[in-house]
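A note on names: the letters A, B, ... follow the listed sequences, proteins ahead of strands, and every chain is numbered from 1.
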There are 2 protein chains.
Amino acid sequence: MSRSRFGEPVGEQIEVCPVTQTQDIIAGKWKIIILWNLSTQTRRFNELQRLLPNISKGILTRQLRELEEDQMVHREVYKEVPPKVEYSLTPLGQSFIPILQSMGEWSKKNLVSK
Amino acid sequence: MSRSRFGEPVGEQIEVCPVTQTQDIIAGKWKIIILWNLSTQTRRFNELQRLLPNISKGILTRQLRELEEDQMVHREVYKEVPPKVEYSLTPLGQSFIPILQSMGEWSKKNLVSK
DNA sequence: CAGTATCCCACTGGATACTG
DNA sequence: CAGTATCCAGTGGGATACTG
């Protein structure tokens, strides 16, 4: 699925606005906080669900799948019973960590909690 | 309107996840790109609409109003005929510019356009 | 444990027509 | 020019029940 916007034909190339591409990846109510929770360590499905109060399994699955599609998250399945699945950041996901940190710091520094 | 999530009573205080607060502000299909377009200069309503192909007046208005509510954008109305309205970043909005830049650079460096 | 499979609903975005 | 005012449609999020 292509979620690009702002397609502008430039010769054979398509020029896409960079910040919009980023927007497309982190759009989704839980994406950022999921990445944040994976930034320090690998986590299992249930663990993530516990960390994200009020998220349902279905939604958590969908958000993780989309992050996987966008190569931000890696899903490692251990063939055991009971099943064990571990989520972690890919190199691309890791390269995004500084931005997550900036967001956290910006928020703490500039936003009064309302 | 309070859009905070993850409310956790801590004494009299409410503890809210910082990255989630940021998420709440930049959620919305056009928020980031609007901030981006205001990061270098003040812009008028129609100017913004031209810069954001395919956005309708109604939506642009709504997104701008929400950014105003969150103190990210300032709206300056000139009492003239025909009307002139200029949008610019508030100090809070300006403090967010480095993050926007990181996003743009991250995208250009790490995302192949797909 | 880590998911699917459904169904549902609210909200957000989008289109269009009208206005001070 | 810079909006409102409506109305509509799609989608994304949420709840619940079931499963390998």
Original post:
How long is the gap from CG on B:L52 to CZ on B:R43, to the nearest 0.5 Å?
Top reply: 10.0 Å

Original post:
Which atoms form the tightest heavy-atom contact between A:T42 and A:E47, and what is the distance?
Top reply: O-OE1, 4.3 Å

**OP:** Mind calculating the distance between CD (B:E86) and P (D:dC1) to the nearest angstrom?
**Re:** 14 Å

Subject >> Integer-rounded Å distance: D:dG20 C1' and A:K84 NZ >> reply: 19 Å

**OP:** May I ask you to verify if any side-chain N or O of A:R44 is less than 4.0 angstrom from the OP1 or OP2 atom of C:dA2?
**Re:** yes

Original post:
Should A:Y78 and A:L64 be counted in the same cluster of Ile, Leu, Val, Met, Phe, Trp and Tyr side chains packed under 4.5 Å apart?
Top reply: no

**OP:** Take the protein atom CH2 of B:W30 and the nucleotide atom P of C:dG13, then report the distance between them rounded to whole Å.
**Re:** 10 Å

Original post:
Which comes earlier along DNA chain C counting from the 5' end, the contact point of B:I59 or that of A:P82, where each point is its nearest nucleotide?
Top reply: A:P82

**OP:** Using distance alone, with no hydrogens and no angle criterion, decide if A:R75 and A:Y87 have a side-chain donor and acceptor under 3.5 Å apart.
**Re:** yes

Subject >> Smallest separation among heavy atoms of B:I33 and A:C17, with atom names >> reply: CD1-SG, 3.3 Å

**OP:** Would you give a per-nucleotide map of nucleotides 3-9 of chain D, 5' to 3', where B means the base has a protein non-hydrogen atom under 4.0 Å away, S means only the sugar-phosphate does, and - means neither?
**Re:** BB-----

**OP:** Give the rounded distance in Å between these two atoms: CD1 of A:I34 and C1' of D:dG13.
**Re:** 12 Å

Subject >> Distance in angstrom units between A:E76 CD and C:dA2 P, rounded >> reply: 13 Å

**OP:** Return the value, rounded to whole Å, for the distance between atom CD of B:E80 and atom P of D:dA2.
**Re:** 10 Å

Original post:
Can you tell me how far C1' of D:dC1 sits from NZ of B:K79, to the nearest Å?
Top reply: 15 Å

Subject >> Consecutive-pair stems (at least three Watson-Crick or G-U pairs, under 3.5 Å) that include DNA chain C >> reply: C:1-20 with D:1-20

Original post:
Do the side-chain N or O atoms of B:Q63 get closer than 4.0 angstrom to the phosphate oxygens (OP1, OP2) of C:dT12?
Top reply: no

Original post:
Are A:Q71 and A:T90 close enough that a side-chain donor and a side-chain acceptor fall under 3.5 Å?
Top reply: no

**OP:** Output yes when at least one side-chain N/O atom of B:K29 is less than 4.0 Å from OP1 or OP2 of D:dT11, else no.
**Re:** no

Original post:
Are B:F45 and B:V81 connected, step by step, through hydrophobic side chains (Ile, Leu, Val, Met, Phe, Trp, Tyr) whose heavy atoms are closer than 4.5 Å?
Top reply: no

Original post:
Is any side-chain N of the basic residue among B:E66 and B:K31 closer than 4.0 Å to the acidic one's carboxylate O?
Top reply: yes

**OP:** State which residues pass ring pair (Phe, Tyr, Trp, His ring centres under 6.0 Å) with A:W106; sequence neighbours excluded, sorted by chain then number.
**Re:** B:F96

Original post:
Rounded to the nearest Å, what distance is computed from the CD1 atom of residue A:I55 to the P atom of nucleotide D:dG14?
Top reply: 7 Å

